[in-house]
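The structure appears right after this line, and notes come after that.
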Amino acid sequence: MSYVYKNPNAPIEDRIKDLVSRMTLQEKVGQMTQIELCVATLDDVRNLSIGSMVSGGGKEPLEKAMASDWAETIDRFQQAAVDSRLGIPLAYGIDAVHGNNRFYGATIFPHNIGLGATGDADLAQRIGAAVALEVRASGIHFNFAPCVAVCRDPRWGRCYESFSEDTNIVRKMTSIITGLQGQPPVGHSKGYPFVAGRYNVIACAKHFVGDGGTEKGINEGNTISSYDELESIHMAPYLDCLYKGVSTVMASYSSWNGCKLHAHHFLLTEILKGKLGFKGFLISDWKALDRLSEPRGSNYRRCVYTAINAGIDMVMVPYRYKQFIEDLISLVESGEIQMTRIDDAVERILRVKFVAGLFEYPFSDRSLLDTIGCKLHRELAREAVRKSLVLLKNGKNPGKPFLPLEKNAERVLIAGTHANNLGYQCGGWTRYWQGSSGRITTGTTILDAFREVMGEKTEVIYEKYPSPNTLSGQNFSFAIVGVGEEPYAESAGDNSELVIPLNGSELISTIADRIPTLVILISGRPLVIEPWLLEKMDALVAAWLPGTEGRGITDVVFGDYEFEGRLPMTWFRTTEELPINKGDNSCDPLFPLGFGLTYKKE
Ligand SMILES: OC[C@@H]1[C@@H](O)[C@H](O)[C@@H](O)c2nc(-c3ccccc3)cn21
């Protein structure tokens, strides 16, 4: 018997209708369920028709696994899904937010704030395409990226996941979606999901809406604004995402005027799905339904009722999925949730799976494994690093620039907590949710880069904390001081002080008092730089969280390439004045949005 839904040449909407008509309530609810790898069983994936799996922010997936091990594991669960009664394939999701960042050896690109500093939409698109290849190589189909938050307050722990405080810069950088998913054909209908093929991924615009506008930058907090402000500042990038065919949207943990987004029927259904015409599926954040009640996770059936009726289509449960399935089935059987709501959710989920070709190509393509960390991608990441660097100071006297540096200098001191730490350079969401310190993957630190570039005759001395003897005893041509933030993610990054951590200011001061010094700041956001400290530096470069390709830094500071980066965030003077954004009446920053010096006289 020929099933329309199994016919790859049948119109997608016919395939959806045919398949939904064959599904039981149990199977429909199964498709709305996303579960964590660590709790998944092959039997449950097959018997419950589970729609999606995740290796999420807070969980370590397979320990020290190579991409091929991952592809092996994911294919095994995919086989279970394909063996289910109707054979609906899984979509496996991960946060590949600046490369396939879980994997040892993957290319790690600058985090979004650095890409925002480039303002280069074409670069973002090329990065999206590279990330898609490295993700598909590991057997993963679904990427919880890009974050299109408009970060209005650098105290927010996710500032670096945002491209900018400026809505227009964020709108421009949504081009990364066209890289991740592929370029929709001319005339593609706005809001309809698009995935070009097997070398692309299902993308996810997040977190809808207003995640970057919460009071004091408190993560998962409350955004207080008029609807017009919410629409013009935070919602505008989603229109660009929909025009680019983004296949999924993730709801925000945060609230708008005191109402949680995951419970917000007006914003999720009337606006996103109704007014904006989004036809892909809306996924919850991790355990976000549990956060709808106090204490968290209590009265879960009520939370399911609220979120599904608000418009959530797929739930990142991700652990107690049997409870979720039981509650949702019971809510439909009692009439508290209409079957039309369930059918709408399932149609959206199937639409994305059909569009993504998962029914035709459910399994991994091992031929892509060579793309992981490949030279081409590392060159692309190096280009992104170059273009992301913002030159904030160049020389103590006008007309006497400190940069570009001399490659054949006689003796150079490389110092600081961030001069030789790949994990610090990459920041959060790298190998581990919160990131880590040291050689967590393959790549080039600032020290590695300087050693590679400097002439044979140059003596490169590295001391993380230079001794008094080092500082006074030797005659250095210049010092490079790498300081900044330790890795963090989400609420762990919320910070109201924003001083340079690990006594960075003191280290700079001690060294710059004795040696002409370039400071390279590795941070996910602007930090406090006291005027007296800025005065002591000979030059200052904001490098953001550049990732694995440290050579991008030496490419520019030695003058082989021009500085192109421009501040994507207003650089405040003190935290007392936060939030401070371009256009505010009282906006008198240390460096304004868009600031960035260059070598050429402007
Ligand atoms: O990793 C999946 C999603 C990610 O896509 C979202 O952007 C992010 O808000 C998020 N937080 C957690 C998470 C939060 C606390 C504990 C454990 C996990 C999980 N996730």
Side-chain angles (χ1 to χ4, degrees), residues 33-40 52-62 91-103 111-113 131 135 138 140-151 156-163 176-177 180 201-214 217-221 223 234 237-238 241 246-255 260-262 281-292 296-297 307 312 314-321 427-435 487-494 524:
T33 308
Q34 183 181 73
I35 70 177
E36 238 286 346
L37 173 63
C38 65
V39 296
S52 180
M53 288 175 65
V54 54
S55 289
K59 282 303 303 172
E60 281 330 298
L62 304 173
Y92 197 105
I94 203 165
D95 298 272
V97 294
H98 64 142
N100 198 359
N101 32 255
R102 280 278 197 234
F103 289 80
H111 268 296
N112 284 355
I113 191 164
V131 171
V135 169
S138 49
I140 295 167
H141 325 94
F142 182 8
N143 183 5
F144 307 129
C147 174
V148 292
V150 179
C151 176
W156 187 34
R158 306 191 76 167
C159 181
Y160 68 83
E161 295 185 64
S162 165
F163 291 110
I176 197 164
I177 291 169
L180 288 166
V201 291
I202 297 163
C204 180
K206 67 185 189 180
H207 312 77
F208 189 82
V209 64
D211 50 347
T214 59
I218 294 166
N219 189 47
E220 304 186 19
T223 297
H234 300 284
Y238 284 89
C241 296
V246 74
S247 299
T248 71
V249 170
M250 186 182 292
S252 180
Y253 281 130
S254 59
S255 301
K260 284 195 176 278
L261 261 294
H262 277 79
F281 70 80
L282 183 58
I283 186 169
S284 81
D285 206 330
W286 178 285
K287 289 181 82 171
L289 273 62
D290 301 61
R291 287 167 161 77
L292 295 179
R296 282 185 178 184
I312 297 288
M314 181 181 281
V315 173
M316 190 185 294
V317 181
Y319 298 132
R320 52 176 181 165
Y321 58 92
W429 295 102
T430 315
R431 296 295 321 282
Y432 316 96
W433 179 39
Q434 294 292 324
Y488 52 80
E490 304 194 49
S491 298
D494 282 3

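By convention here, the first residue in the shown sequence is residue 1. Counting starts at 1 for both ligands and their atoms, in listed order.
- Within the listing of ligand 1, atoms 6 (C), 7 (O), 8 (C), 9 (O) sit less than 4.0 angstrom from a heavy atom of Arg158.
- Panel note: side chain His207, backbone Met250; no donor-acceptor pair is recorded below 3.5 Å.
- When each of Tyr160, Trp429, Trp156 is paired with Tyr488, the ring-ring contact (aromatic ring centres under 6.0 Å, His included) condition holds for Tyr160 and for no other.
- With hydrogens and angles left out, the side-chain atoms of Trp286 and Glu36 include no donor and acceptor closer than 3.5 Å.
- The aromatic rings of His111 and His98 lie parallel to each other, their planes meeting at an angle below 30°, with 60° marking the opposite boundary.
- Atom numbering of ligand 1 starts at 1 in the shown order; those under 4.0 Å from a heavy atom of Trp433 are 14 (C), 15 (C), 16 (C).
- Any N or O atom pair closer than 3.5 Å counts here, and Trp286 shares no such pair with ligand 1.
- At least one N/O-N/O distance between Glu490 and ligand 1 falls below 3.5 Å.
- Distances between N or O atoms of Asp95 and those of ligand 1 include at least one value under 3.5 Å.
- Met316 counts as a contact of ligand 1, since one of its heavy atoms falls under 4.0 Å from the ligand.
- Here the straight-line distance linking atom CG of Leu37 with atom OG of Ser55 works out to 4.5 Å at 0.5 Å rounding.
- The nearest pair of heavy atoms linking Met53 to Ala40 is CE-CB, 3.5 Å.
- Less than 4.0 angstrom separates some heavy atom of Phe144 from each of these atoms of ligand 1: 5 (O).
- Residue contact check: Lys206 has heavy atoms under 4.0 Å from atoms 4 (C), 5 (O), 6 (C), 7 (O) of ligand 1.
- Atom numbering of ligand 1 starts at 1 in the shown order; those under 4.0 Å from a heavy atom of Gly56 are 1 (O).
- Using a 4.0 Å cut-off to heavy atoms of His207, the atoms of ligand 1 that qualify are 6 (C), 7 (O), 9 (O).
- For Met250, the closest heavy-atom approach to ligand 1 falls below 4.0 Å.
- Of the options Arg296, Lys260, Lys287, Arg158, a salt bridge (charged side-chain N to carboxylate O under 4.0 Å, His left out) to Glu220 is made by Arg296 and by none of the others.
- Residues His262 and Asp285 meet the side-chain proximity criterion, which asks for heavy atoms closer than 4.5 Å.
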